[in-house]
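Proteins come first, then strands; the chains are lettered A, B, ... in the order of their sequence lines, and each starts at number 1.
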Protein chains: 2
Amino acid sequence: MTEWEQRLAGAGCRITAPRRAVIAVLMNADAPLLPQEILEQAQTVHRKLGLVTVYRTLNLLSELSLVRRVHREDGCHGYLPASAGHRHALICRNCHRAVEFTGHNDLHALIERVEARTGYRVDDHLLQLLGLCPHCQEREG
Amino acid sequence: MTEWEQRLAGAGCRITAPRRAVIAVLMNADAPLLPQEILEQAQTVHRKLGLVTVYRTLNLLSELSLVRRVHREDGCHGYLPASAGHRHALICRNCHRAVEFTGHNDLHALIERVEARTGYRVDDHLLQLLGLCPHCQEREG
DNA sequence: CTCTTAATGAAAAGGTTTTTCAGTAAAGAT
DNA sequence: ATCTTTACTGAAAAACCTTTTCATTAAGAG
Ligand SMILES: [Mn+2]
Ligand SMILES: [Mn+2]
Ligand SMILES: [Zn+2]
Ligand SMILES: [Zn+2]
């Protein structure tokens, strides 16, 4: 039983074959995957898997903070395995490989300045970085 | 002729009644508007306006950096009038009133640290803050 | 093994955004 | 003011993405 499956079980959820197939695909993903892409890859393991179950499993894994949802310019949402704690995603705009980073200090300072200037109280944020990974820099430069 | 209309004309675009209606709504917006909301408000000025033209005008205004697109948790995109330069949006999660802020210094420092740690070259980012505006803090606290 | 009910998949619905295309009107030329 | 060109428009349809519904299945406790 993987760590993710233990977390599911701990939350009172059943460990089913469809969920295992989705988890197997997501756990090793190094780029954000769309629900449709997850379906196609996971169906090689569990042929009967349906797209609805992919969406339901993604919602479940998101609630457990096992995956992170990233916003794409085209309006779709991709999903990545998430380390524990509050992290953000940096995504290669060429090969889409993603890494996580913590922006805690700089972001906290920024948020305090903005709060002081605007009078707003900030309690959440959305931060994603986009660029070229080392590999794609070589191929392009 | 408004400033926005001058920018459109300068880009070689025609100033039409549908576009004027969309612009009139967006120019004075203080919260992100959905295309459907823009349609409804703009139709009080130009009855025949269609949703397709709202989308087309939003793309046009985005390209000219006259409006900024904000990402909503529900997956839709709202649109706000945008000041010149690179700004970000801070949105009240209660009344949705939005203000802009510049995150230049803190964000630049953060990005340099992330570049050094990951080897990625960062060339774009997505940052939005969410919280309570002063008005809604009073009503809630 | 039996039982309960959470979970599943197919189909349908819901919602947003884009494409198509025939008709319209903006704006430069006459 | 009228003509001409063609960018622009709106209705309809298509293309997507995501959620809801509901009859069926199977996980896992007892
Ligand atoms: Mn988004
Ligand atoms: Mn953060
Ligand atoms: Zn790359
Ligand atoms: Zn507010």
Side-chain angles (χ1 to χ4, degrees), chain A residues 1-2 4-25 32-64 66-67 69-79, chain B residues 1-2 4-26 32-64 67 69-79:
Chain A
M1 206 185 205
T2 69
W4 288 24
E5 287 168 16
Q6 283 172 19
R7 290 282 301 278
L8 275 191
C13 300
R14 293 181 181 171
I15 310 303
T16 66
R19 283 175 178 168
R20 265 198 285 262
V22 171
I23 287 173
V25 168
L33 296 175
L34 299 174
Q36 180 64 45
E37 294 170 335
I38 294 169
L39 175 70
E40 284 156 17
Q41 293 185 36
Q43 275 180 338
T44 65
V45 170
H46 184 73
R47 280 187 188 72
K48 303 190 318 180
L49 181 64
L51 185 56
V52 180
T53 295
V54 174
Y55 276 102
R56 287 192 282 231
T57 304
L58 286 171
N59 288 341
L60 191 55
L61 297 176
S62 293
E63 276 162 23
L64 297 173
L66 292 171
V67 299
R69 191 167 77 150
V70 310
H71 294 252
R72 304 182 9 147
E73 265 318 301
D74 64 10
C76 302
H77 294 120
Y79 293 83
Chain B
M1 208 185 201
T2 70
W4 288 24
E5 286 166 18
Q6 283 172 19
R7 288 283 302 279
L8 274 192
C13 300
R14 293 180 181 173
I15 309 304
T16 66
R19 282 176 178 169
R20 265 197 285 262
V22 171
I23 287 173
V25 169
L26 267 169
L33 297 175
L34 299 175
Q36 180 63 45
E37 296 170 334
I38 294 169
L39 175 70
E40 283 156 17
Q41 293 185 37
Q43 276 180 336
T44 66
V45 170
H46 183 74
R47 280 187 188 72
K48 304 189 316 177
L49 180 64
L51 186 55
V52 179
T53 296
V54 174
Y55 277 101
R56 287 192 280 230
T57 304
L58 287 171
N59 288 342
L60 192 53
L61 297 175
S62 293
E63 276 162 24
L64 297 173
V67 299
R69 191 166 77 149
V70 309
H71 294 250
R72 303 182 10 146
E73 264 318 300
D74 64 10
C76 302
H77 294 119
Y79 292 83

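Two residues are said to be in side-chain contact when any heavy atoms from C-beta on lie closer than 4.5 Å; His71(A) and Glu73(B) meet this criterion. Proximity of Leu26(B) to Leu58(B): side-chain heavy atoms (C-beta onward) are separated by under 4.5 Å at one or more points. Arg56(A) has its side chain out of reach of Leu60(A): every pair of non-hydrogen atoms, C-beta onward, lies at least 4.5 Å apart.
Spacing between atom CG of Leu51(B) and atom C1' of dA13(D) amounts to 14 Å, rounded to whole angstrom units. Spacing between atom CD of Gln43(A) and atom P of dT8(C) amounts to 14 Å, rounded to whole angstrom units. Rounding to whole angstrom units, CZ of residue Arg20(A) and C1' of dA26(D) are separated by 12 Å. The distance from atom CG of Asp74(B) to atom P of dT16(C) is 8 Å, rounded to the nearest whole Å. Atom pair Arg56(B):CZ and dG10(D):C1' shows a separation of 7 Å (rounding to whole Å applied). In this structure, Arg14(A) places its CZ atom 7 Å from P of dG28(D), rounding to the nearest Å. Atoms CG (Leu49(A)) and C1' (dA26(D)) sit 15 Å apart, rounded to a whole Å. If you take CG of Leu8(A) and C1' of dT8(C), they are 15 Å apart, rounded to a whole angstrom.
Residue His46(B) has no polar side-chain atom (N or O) positioned under 4.0 Å from OP1 or OP2 of dT9(D). Within the 4.0 Å cut-off from OP1 or OP2 of dA6(C), not a single side-chain nitrogen or oxygen of Arg19(A) is found. Residue Tyr55(B) places at least one side-chain N or O closer than 4.0 Å to OP1 or OP2 of dT17(C). Dashed line: the shortest gap from a side-chain N or O of Thr16(A) to OP1 or OP2 of dT8(C) is under 4.0 Å. Note on Thr53(A): a side-chain N or O is less than 4.0 Å away from OP1 or OP2 of dG9(C).
Residue whose closest nucleotide on DNA chain C sits further toward the 5' end, between Pro18(B) and Pro18(A): Pro18(A). Place Leu60(A) and Val52(A) on DNA chain C by their nearest nucleotides, and Leu60(A) ends up nearer the 5' end. Of the residues near DNA chain D, Cys13(A) and Lys48(B), the one whose nearest nucleotide (by heavy atom distance) lies more toward the 5' end is Lys48(B).
Using a 4.0 Å heavy-atom distance criterion, Leu34(B) is classed as making no nucleic acid contact.
How far CG of Leu66(A) is from OG1 of Thr2(A): 9.0 Å, rounded to the nearest 0.5 Å.
A donor-acceptor distance shorter than 3.5 angstrom exists from the side chain of Arg19(B) to the backbone of Arg14(B), with no hydrogens or angles considered.
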